[in-house]
Protein chains: 2
Amino acid sequence: MLALLQDEPKYGYQLRGEFEAATGATWPLNIGQVYTTLTRLERDGLVRAASSEGDGRSMYEITDAGRTELANWFQTPVARESRPRDELAIKLALALAVPGVDVSAVVQRQRMSTMQSLQELTRQKRNSAEGEISWQLVIESMIFGAEAEIRWLDHCEAMLLRHRGKPRPAPQTYDVPADQEARS
Amino acid sequence: MLALLQDEPKYGYQLRGEFEAATGATWPLNIGQVYTTLTRLERDGLVRAASSEGDGRSMYEITDAGRTELANWFQTPVARESRPRDELAIKLALALAVPGVDVSAVVQRQRMSTMQSLQELTRQKRNSAEGEISWQLVIESMIFGAEAEIRWLDHCEAMLLRHRGKPRPAPQTYDVPADQEARS
DNA sequence: CGACACATGTAACACGTTACATGATTTG
DNA sequence: CAAATCATGTAACGTGTTACATGTGTCG
């Protein structure tokens, strides 16, 4: 939001439109949230209701604090620790950690699904117009991610084969503190 | 949680311990959340307070509904659409979409940061013991992801150079509906 | 004894998601 | 005119995060 407001005051619908124009509707943005977010940004002093005429629409403009925040965001790299937990990695790790799960099947189903996504993404990339560079980069980001995921899944299968037959490695149970066994 | 409860009833602290044993403390799990999550799972009928003795601890066991849910989770691949928005992709897309941002600098800073993470991950992988296969896979998942990110960043820089000097492509502004210009 | 890990919770908060309400304007 | 789009909100809900409270057990 702050990035989009950097040049000129804008209003809710416009913000959603420009966000989706920039990211190619890859991550649809609920219009309701735009307004709640604008309210919260205003609460935090990062935007304010624009003084200039808005032709009947509620325009918002970025504040100095908002510009600082924005510059900070662009300057600070996205840290790996700050990213959300990777559901797929967790799923595979748990499939390995608990008995009775056909890990191979999980890997293969995921592989099929990801391959299909990759195909769809490639199709989208082909159909993308020349001018929409930012959208192309977003699509390519997802393509690179999907490719890495497939490589990782292949790597997982190789690991599985190498460890085939070996006893479930180091039961991975949490050591129950001994003396608490006989607690009240 | 459901996956860890599959074999036998367990208690809060134990669940956190085993989760972190399986994922290698890559994503630290707040103990408070374990309890709130257990409460919510119980609310939804996926776990219940275990009937067996727990030596003074509150044990939980999975229910039939929980087993169904769990089997479903393992059977269903993680869809690309269901993943959280990629902050880095959004940042780069917006850096391109709005004027006055040094995109190159953003890319280069991110590249440095990601390279450093990659080094750290590689170090962790070397230091990981033999038996901890699920943790190794998690680390490798992050390594594959970081490598893909670097490749993508390189690709972005190449794109930037190719488009150097060209006018900012297709201003990407949301078309303001014409007749609304003169609204009350 | 004092510090620390174990163990179980609760409250407050932030944020994203969905659904709903309301009205103006455009378009077939 | 009717339907769709534009436009601005609000309410309810789910979940993750942080901080706090409380008590037991272990260990130097």
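Hydrogens, waters and symmetry mates play no part in the numbers below; they use all other heavy atoms, side chains included. Chain A is the first sequence line, chain B the second, and so forth, proteins listed ahead of strands; every chain is numbered from 1.
- If you find the closest nucleotide of DNA chain C to B:Arg40 and to B:Tyr35, the one lying nearer the 5' end belongs to B:Tyr35.
- If you measure from atom NZ of B:Lys10 to atom P of C:dA7, you get 14 Å, rounded to the nearest angstrom.
- Other residues, nucleotides and ligands contribute more than 12 heavy atoms inside 6.0 Å of the CD atom of A:Glu120.
- Distance from the side chain of B:Arg57 is smallest for C:dA7 among the nucleotides D:dT17, D:dG14, C:dA7.
- In this structure, the nucleotide among C:dA14, D:dG14, D:dT8 sitting nearest to the side chain of A:Ile31 is D:dT8.
- For B:Tyr13, taking side-chain heavy atoms from C-beta onward, the closest of the listed nucleotides C:dC15, C:dT8, D:dT18 is C:dT8.
- Listed pair A:Arg43 / C:dC15 meets the phosphate criterion, a side-chain N or O lying under 4.0 Å from OP1 or OP2.
- Spacing between atom CD of A:Glu87 and atom P of D:dT15 amounts to 13 Å, rounded to whole angstrom units.
- Computed from coordinates, the B:Trp27 CH2 to D:dG16 P distance equals 15 Å when rounded to whole Å.
- At least one donor-acceptor pair closer than 3.5 Å links the side chain of A:Arg85 to the backbone N or O of B:Pro28.
- Looking at B:Thr122, its side chain does come within 3.5 Å of a backbone N or O of B:Leu118 through a donor-acceptor pair.
- Side-chain atoms of A:Tyr60 lie closest to D:dG9 of the nucleotides C:dT17, C:dT8, D:dG9.
- Candidate nucleotides C:dG16, D:dA7, D:dT17 were compared by shortest atom distance to the side chain of B:Arg85, and C:dG16 ranks first.
- Going from atom CD of A:Glu20 over to atom P of D:dT5 covers 14 Å, rounded to whole Å.
- With rounding to whole Å, B:Leu38 atom CG is found 9 Å from C:dT8 atom P.
- Considering only side-chain N and O atoms, A:Tyr11 lies under 4.0 angstrom from the phosphate OP1 or OP2 of D:dA7.
- Classification of B:Glu87 and A:Arg83 as a salt-bridged pair fails, no side-chain N sitting under 4.0 Å from a carboxylate O.
- In this entry the distance linking CE of B:Met59 with C1' of C:dA7 reads 13 Å, nearest Å.
- For the pair A:Asn30 CG and C:dC15 P, the computed distance is 17 Å after rounding to whole Å.
- Rounded to a whole Å, the CD atom of B:Glu42 is 14 Å from the P atom of C:dT8.
- A close approach under 4.0 Å does occur between a side-chain nitrogen or oxygen of B:Ser58 and OP1 or OP2 of C:dG9.
- B:Asn30 places a side-chain N or O within 3.5 Å of a backbone atom of B:Gly32 that can act as its donor or acceptor partner.
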